[in-house]
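A short worksheet on the structure shown next.
Residue numbers run from 1 in the order of the sequence given.
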Amino acid sequence: MVYNYDWSSTYAGAVLERDQCKLNDRILEAELAILRRTREPGLARREWQAIELAIGVLHDMRTRRHQPLYEHRY
């Protein structure tokens, strides 16, 4: 589970992106936000676990056809 970390909103933006033209940029933004956080002091074990999970999901999104986890229906 990903909690409310500094990078989690950027990560959520990538996971929920529906526009395939914007997806690669969103994934890159999320990866960079996570990378920046890993270089800061004070990471708790729970956040490291969330980072590992998020990086795995972003990697899968790059290698597979991405479908948003949530689709808003009008």
**Asked** Under the 4.5 Å side-chain heavy-atom rule for ILVMFWY, direct or indirect, which residues accompany L32?
**Response**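 Answer for L32: L28.
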Can you check whether [X] reaches [Y] side chain to side chain, under 4.5 Å on heavy atoms?
{"X": "V15", "Y": "R26", "result": "no"}
{"X": "I51", "Y": "Y5", "result": "no"}
{"X": "L35", "Y": "T38", "result": "yes"}

**Message:** Applying side chain to side chain contact (heavy atoms under 4.5 Å, CB included) to N24 and R62, what does each step give before you reach the verdict?
**Reply:** CA-CA 8 Å; N24 284 335; R62 280 194 182 279; 4.1 Å; yes
**Message:** Taking side chain to side chain donor-acceptor pair (under 3.5 Å) as the definition, give me every residue that meets it alongside R36, ordered by chain and number, with sequence neighbours left out.
**Reply:**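 So R36 forms no side chain to side chain donor-acceptor pair (under 3.5 Å) with any residue.
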**Request:** Identify, with sequence neighbours excluded, every residue that meets side chain to side chain donor-acceptor pair (under 3.5 Å) alongside E47.
**Result:**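 Applying side chain to side chain donor-acceptor pair (under 3.5 Å) to E47 gives W7, R37.
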**Request:** Kindly indicate, with the supporting measurements, whether the criterion salt bridge (charged side-chain N to carboxylate O under 4.0 Å, His left out) is fulfilled by E17 and K22.
**Result:** CA-CA 7 Å; E17 181 60 62; K22 296 179 183 177; 5.3 Å; no
**Prompt:** For the atom pair OG (S8) and CD1 (I34), what is the distance rounded to the nearest 0.5 Å?
**Reply:**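 Output value for this atom pair is 9.5 Å.
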**Non-hydrogen atoms of A30 and L58 that approach each other most closely** =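 Looking at all heavy atoms of both residues, the closest pair is CB-CD1, 3.8 Å.
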